[in-house]
Amino acid sequence: MTPQTPTAKDLLGRLVAFDTTSAKTNIPMAEFIRDYLSSHGVDSHMVPAENGIHTSLFATIGPEDLPGIGLSGHMDVVPVADQAWDSDPFTMVERDGRLYGRGTCDMKGYLACVLAAVPLFKRAKLAVPIHIVFSYDEEVGCTGVRPMIGEFGTRLPKPRLMFVGEPTSMTVVDAHKGGARFRIDITGHPVHSSKAPLGVNAATVATELLVELHQMAADLKAMPNNPRFDPPWHTLTVTQVHGGTSSNIVPGSSWIGWEIRAMPGFDLTPWVTRIEAAAAKLVPAMRAVAPEAGIVVRQTGNVPPFGAEAGSEVVTLCQKIAGHNDTHAVPYGTEAGLFQMGGVPAVVCGPGDIAQAHTANEWIDVKELDRCMGFLERLTDWARG
């Protein structure tokens with residue numbers, strides 16, 4: 001590849017063509033980005049996953065001995081299975097000023113803008129470096145960025161500030177809810193349904209726990225609200241219920257998937273303890289019938305809530321560059337809270353409308369790419385010093 005200045009739209013088309021659904025490899029896309037950066041004289045560092053099919057990518061443009069501004073995005077996308085698309089999800093199509101394709105909004109549009117700005121960054125002779133921070137597996141619990149954060153300050157430079165480019169319509173988001181996910185596995189004792197009293201019905205046990213989860217959701221809603229969020233309360237949602245094999249067999253196993261989406265400052269521990277206690281009360285009666293019966297509550301994922309400090313450097317700088325005096329809070333999660341926990345102040349600002357993310361016929365307006373490119377140009381002017 002020879003040095004050139006492709007548009008963000010051109011690059012987005014190339015990125016969409018990589019099927020980086022989280023269950024699949026993202027290495028070909030990461031290698032494309034690495035080669036593109038190399039063609040502009042920028043070295044990249046890969047942070048491969050233990051599974052051998054994923055990798056993060058980190059690169060620095062400008063002084064390498066100073067902490068700079070990180071531009072963070074994820075390379076993975078959600079599945080297209082069971083969605084009715086009007087065109088191939090992995091071939092970008094332009095119609096009426098909109099660019100359709102999986103990931104155009106969430107969040108390859110932002111990645112394309114960052115890559116399109118690389119020649120600009122290179123020409124600018126930056127006084128403050130710009131770091132490219134691209135992760136994997138954000139869509140399955142923000143797992144891929146964690147090993148990369150773990151290398152900040154050792155193999156990788158630790159950024160001074162982090163701009164996370166999730167779709168916010170280029171507004172400044174300084175807070176979002178976190179998402180803690182759980183699974184309850186219930187082991188009963190299957191028998192023929194005509195002999196039901198001899199068994200332990202795992203599905204019936206599940207209903208008792210569902211009642212408790214429903215009450216927990218109501219109690220969370222009754223806590224003090226925060227009108228910055230929509231909805232303005234902590235939410236608990238049952239997301240999956242499975243159990244049973246046949247209409248004439250007492251279910252021998254069942255499981256419940258559920259999550260809590262909480263605002264910054266929330267203490268999760270008492271709520272986990274509460275459902276564990278409710279489960280523990282049910283176990284003695286189960287084991288009186290079948291000693292092998294039991295209930296296990298386990299956490300399967302956690303994306304921490306995020307809240308930037310009011311008036312902090314990262315917020316005021318993003319406001320200045322974005323041209324917005326106000327900030328917003330959102331109910332969805334991002335990697336911002338993980339950067340914050342890793343000692344890198346963060347804020348969220350990127351192109352596209354979150355309403356289009358994860359949908360069939362996902363799209364981003366071309367004007368959003370233009371607005372993001374303007375943001376990156378102003379960031380470059382600031383970073384010149």
Keeping R261 on the side-chain end and G179 on the backbone end, is there a donor-acceptor pair under 3.5 Å? no

Is the shortest heavy-atom distance from the side chain of I275 to the side chain of W271 under 4.5 Å? no

Inspect the contact between R384 and D381 and indicate whether a charged nitrogen and a carboxylate oxygen are less than 4.0 angstrom apart. yes

Is it true that L57 and V114 fall in one hydrophobic cluster, defined by side-chain heavy atoms closer than 4.5 Å? yes

Side-chain heavy atoms under 4.5 angstrom apart, residues restricted to Ile, Leu, Val, Met, Phe, Trp, Tyr: same cluster for V289 and L282? yes

Are the side chains of H192 and I249 in contact, using a 4.5 Å heavy-atom criterion? no

Side chain to side chain donor-acceptor pair (under 3.5 Å) test vs Q83 passes for just one of E362, H358, R102, namely R102

Charged N-O contact under 4.0 Å between D174 and R228: yes

Taking the side chain as every heavy atom from C-beta outward, state whether E313 and L161 have any atom pair closer than 4.5 Å. yes

Close side-chain approach of I149 and F339, heavy atoms under 4.5 Å: yes

Atom pair CG/CD1 of L115 and I132 - distance to nearest 0.5 Å: 6.0 Å

Please determine whether residues L120 and I130 belong to a single hydrophobic cluster, defined as Ile, Leu, Val, Met, Phe, Trp and Tyr linked transitively by side-chain heavy-atom distances below 4.5 Å. no

Heavy-atom donor-acceptor pair, T168 side chain to G350 backbone, under 3.5 Å: yes

For H214, does the NE2 atom have more than 12 heavy-atom neighbours from other residues, nucleotides or ligands under 6.0 Å away? no

Whether over 12 other heavy atoms sit under 6.0 Å from D96 CG: no

Side chain proximity check, E139 to D106, heavy atoms < 4.5 angstrom: yes

Salt bridge between E276 and R274, side-chain N to carboxylate O under 4.0 Å? no

Before you tell me yes or no, could you show the steps for K9 and E94 under salt bridge (charged side-chain N to carboxylate O under 4.0 Å, His left out), namely the whole-Å CA-CA distance, both residues' side-chain angles and the distance that decides it to 0.1 Å? CA-CA 10 Å; K9 184 168 72 172; E94 183 172 3; 3.1 Å; yes

Using atom types as modelled and distance alone, determine if a side-chain donor or acceptor of N26 lies under 3.5 Å from a backbone N or O of M29. no

Heavy atoms from other residues, nucleotides or ligands near CE of M46 exceed 12 (cutoff 6.0 Å): yes

Let me see the working for I69 and F163 under side-chain contact (heavy atoms from CB on, under 4.5 Å), right down to the final yes or no. CA-CA 7 Å; I69 308 301; F163 291 169; 4.0 Å; yes

Just how far is it from atom OG1 of T300 to atom CZ of R298, taken to the nearest 0.5 Å? 7.0 Å

Take F90 and W85 through the test side-chain contact (heavy atoms from CB on, under 4.5 Å) and record every step on the way to the result. CA-CA 11 Å; F90 300 104; W85 284 72; over 6 Å; no

Shared hydrophobic cluster, L213 / V272 (ILVMFWY, side-chain heavy atoms < 4.5 Å): yes

Checking Q340 side chain against G307 main chain: does a donor-acceptor pair fall under 3.5 Å? yes

In the single-linkage hydrophobic clustering (I, L, V, M, F, W, Y; side-chain heavy atoms under 4.5 Å), do L317 and V347 co-cluster? yes

Any side-chain heavy atom of E368 sitting closer than 4.5 Å to one from S169? yes

Step by step, would you call D86 with N361 a side chain to side chain donor-acceptor pair (under 3.5 Å)? CA-CA 7 Å; D86 295 333; N361 298 319; 3.2 Å; yes

Quick one: is the NZ or CZ of R95 closer than 6.0 Å to the six-membered ring centre of Y100, and within 45° of its axis? yes

Check whether any side-chain heavy atom of P231 lies under 4.5 Å from a side-chain heavy atom of T235, and answer yes or no. yes

State the CE-CG distance between M170 and D353, to the nearest 0.5 angstrom. 13.5 Å

Pairing of R287 and E292 as salt bridge, 4.0 angstrom limit: no

Is the CD atom of E309 crowded by more than 12 outside heavy atoms at less than 6.0 Å? no

Which atom pair, heavy atoms only, marks the closest approach of A346 to A336? CB-O, 3.8 Å

Could you tell me whether a side-chain N or O of N51 sits under 3.5 Å from a main-chain N or O of I53, the two making a donor and an acceptor? yes

Using 0.5 Å steps for rounding, measure from the OG atom of S22 to the NZ atom of K24. 11.0 Å

Pairing donors with acceptors under 3.5 angstrom, does anything connect the side chains of T327 and Q319? no

A side-chain contact here means heavy atoms from C-beta on lying under 4.5 Å apart; do L209 and I186 qualify? yes

On a heavy-atom basis, the closest approach of C113 and L376 is O-CD1, 3.4 Å

Does the pair K221/D219 count as a salt bridge with the N-to-O cut at 4.0 Å? no

Is it true that H74 and F134 have ring centroids separated by less than 6.0 Å? no

Using modelled atom types only, decide if a donor and an acceptor are shared between the side chain of D185 and the backbone of I295 within a distance under 3.5 Å. no

Distance check, rounded to the nearest 0.5 Å: S254 atom OG versus L210 atom CG? 8.0 Å

Take atom CZ of R183 as the centre, draw a 6.0 Å sphere, and report whether it contains more than 12 heavy atoms from other residues, nucleotides or ligands. yes

Give a yes or no answer on whether the side chain of S38 reaches the backbone of R34 with a donor-acceptor pair at less than 3.5 Å. no

Taking D137 for its side chain and C142 for its backbone only, find out whether a donor-acceptor pair lies under 3.5 Å. no

W258 and F182 aromatic ring geometry - parallel, tilted or perpendicular at 30°/60° bounds: parallel

Indicate yes or no: does D365 engage R98 in a salt bridge with an N to O separation below 4.0 Å. no

To the nearest 0.5 Å, atom OG1 of T237 lies from atom CD of E259 at 5.0 Å

Here the side chain to side chain donor-acceptor pair (under 3.5 Å) pairs for residues 147-159, sequence neighbours left out, are E151-R155

Would you sort out whether Y110 and L12 count as a side-chain contact (heavy atoms from CB on, under 4.5 Å), showing the intermediate values? CA-CA 9 Å; Y110 178 72; L12 180 54; over 6 Å; no

Does CD in E50 sit with more than 12 non-hydrogen atoms of other residues, nucleotides or ligands closer than 6.0 Å? no

Can you list the steps and then say if I61 with H131 is a side-chain contact (heavy atoms from CB on, under 4.5 Å)? CA-CA 6 Å; I61 304 172; H131 306 294; over 6 Å; no

If only atom types and distance count, is the side chain of K108 paired as donor or acceptor with the main-chain N or O of L15 below 3.5 Å? yes

Just do the ring-ring contact (aromatic ring centres under 6.0 Å, His included) check on H234 and F266 with the steps written out, would you? CA-CA 9 Å; H234 311 295; F266 179 77; 4.5 Å; yes

If only atom types and distance count, is the side chain of T7 paired as donor or acceptor with the main-chain N or O of D10 below 3.5 Å? yes

